[in-house]
Amino acid sequence: MRIGHGYDVHRFESGDHVFLGGVKIPFTKGLLAHSDGDVLLHAICDALLGAAGLGDIGRLFPDTESNFKGVSSRVLLKEVGALLEKKGFRVVNIDATVLAEAPKVTPYADQMCGNIASDLNIVSTAVNVKGTTTEKMGFLGRGDGIASEAVCLLESNGPQ
């Protein structure tokens with residue numbers, strides 16, 4: 001068994017939606033990012049890659065590569081899932097938290113869990129997504145951006 005932790009943060013910019021967990025959420029701002037800025041999926045990718053000892057999302061999908069410009073983070077998550085399978089890992093569970101004053105996560109959490117489970121070919125009950133605020137403290141509390149943390153547990157199908 002291996003445990004991984006991931007974290008991602010993006011600054012808000014002008015826009016009318018954000019992507020979280022592969023769900024397009026109407027909002028008064030967008031996220032500044034090379035890809036679609038889905039902090040939840042980025043944190044999950046980093047947790048999975050870290051648990052497997054495979055680096056991080058920036059090494060696998062560098063923001064210097066034009067082919068990742070504007071890419072859906074679901075594409076990145078699917079590639080991470082395929083890499084884990086190739087290396088003999090199985091995702092046991094994922095627990096993730098989105099940190100932001102807004103938008104609210106709860107109305108979309110089940111859809112996010114379904115997307116993540118589908119992209120990783122696991123059961124949706126193995127994924128938990130929740131939201132919290134920072135009680136208006138710091139850059140997140142001021143509404144300057146959004147962050148996410150994720151932890152995961154992987155099981156190995158053999159010696160690594």
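Evaluation of the side-chain hydrogen bond (donor to acceptor under 3.5 Å, both in side chains) rule for Glu155 yields Arg90 as partners, not counting sequence neighbours. Every residue two or more places apart in sequence or in another chain that forms a side-chain hydrogen bond (donor to acceptor under 3.5 Å, both in side chains) with Arg142 is listed here: Asp144.
One hydrophobic cluster, built from ILVMFWY side chains closer than 4.5 Å, cannot hold both Leu140 and Met137; they sit in different ones. Residues Val92 and Leu49 are members of separate hydrophobic clusters, defined by side-chain heavy-atom contacts under 4.5 angstrom among Ile, Leu, Val, Met, Phe, Trp and Tyr. Both Tyr108 and Ile146 sit in one connected hydrophobic cluster of ILVMFWY residues. Membership requires side-chain heavy atoms under 4.5 Å apart, directly or through other members. Put simply, Leu99 and Leu40 are part of two different groups of oily side chains (I, L, V, M, F, W, Y) that touch within less than 4.5 Å, one to the next. Val23 is connected to Phe27 through a chain of hydrophobic side-chain contacts under 4.5 Å among Ile, Leu, Val, Met, Phe, Trp and Tyr, so both are in one cluster.
Among all heavy-atom pairs drawn from Gly143 and Phe12, the shortest one is O-CD1, 3.1 Å. Nearest heavy-atom pair, Ala150 versus Ala47, reported as atom, atom and distance to 0.1 Å: O-CB, 3.6 Å. The two residues Leu31 and Gly37 make their nearest non-hydrogen contact at CD1-O, 3.2 Å.
Side-chain contact between Met112 and Ile25 is present, with heavy atoms from C-beta onward closer than 4.5 Å. Asp38 places none of its side-chain heavy atoms less than 4.5 Å from the side chain of Leu77. Counting only heavy atoms from C-beta outward, the side chains of Leu83 and Phe89 never approach each other to under 4.5 Å. Using a 4.5 Å heavy-atom cutoff, the side chains of Arg74 and Asn115 are in contact. Looking at heavy atoms from C-beta onward, Leu48 lies in side-chain contact with Leu154 at the 4.5 angstrom threshold. At least one side-chain heavy atom of Leu84 sits less than 4.5 Å from a side-chain heavy atom of Leu54. Using a 4.5 Å heavy-atom cutoff, the side chains of Val18 and Lys29 are not in contact.
More than 12 non-hydrogen atoms from other residues, nucleotides or ligands lie less than 6.0 angstrom from CG of Leu32.
For Phe19 and His17, the distance between ring centers is under 6.0 angstrom.
A side-chain contact (heavy atoms from CB on, under 4.5 Å) with Leu76 is found for exactly one of Asp36, Leu41, Ile57, namely Ile57. No option in Ile116, Val151, Leu153 other than Ile116 meets the side-chain contact (heavy atoms from CB on, under 4.5 Å) test with Ile94.
Classified by interplanar angle (parallel below 30°, tilted 30° to 60°, perpendicular above 60°), the ring pair His10/His42 is perpendicular.
Pairs engaging residues 93-105 under the side chain to side chain donor-acceptor pair (under 3.5 Å) rule: Asp95-Asn128, Asp95-Lys130, Thr97-Lys130, Glu101-Thr134 [sequence neighbours left out].
Looking only at distances, no side-chain donor or acceptor of His5 sits under 3.5 Å from a matching main-chain atom of Glu149. No donor-acceptor pair closer than 3.5 Å links the side chain of Asp46 to the backbone N or O of Asp56.
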Could you please spell out the steps behind the side-chain hydrogen bond (donor to acceptor under 3.5 Å, both in side chains) verdict for Ser148 and Asp8? CA-CA 5 Å; Ser148 184; Asp8 193 43; over 6 Å; no
List the steps and the verdict of side chain to side chain contact (heavy atoms under 4.5 Å, CB included) for His34 and Phe61. CA-CA 10 Å; His34 186 70; Phe61 311 109; over 6 Å; no
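One finds the OG atom of Ser118 at 6.5 Å from the NZ atom of Lys78 (value rounded to the nearest 0.5 Å).
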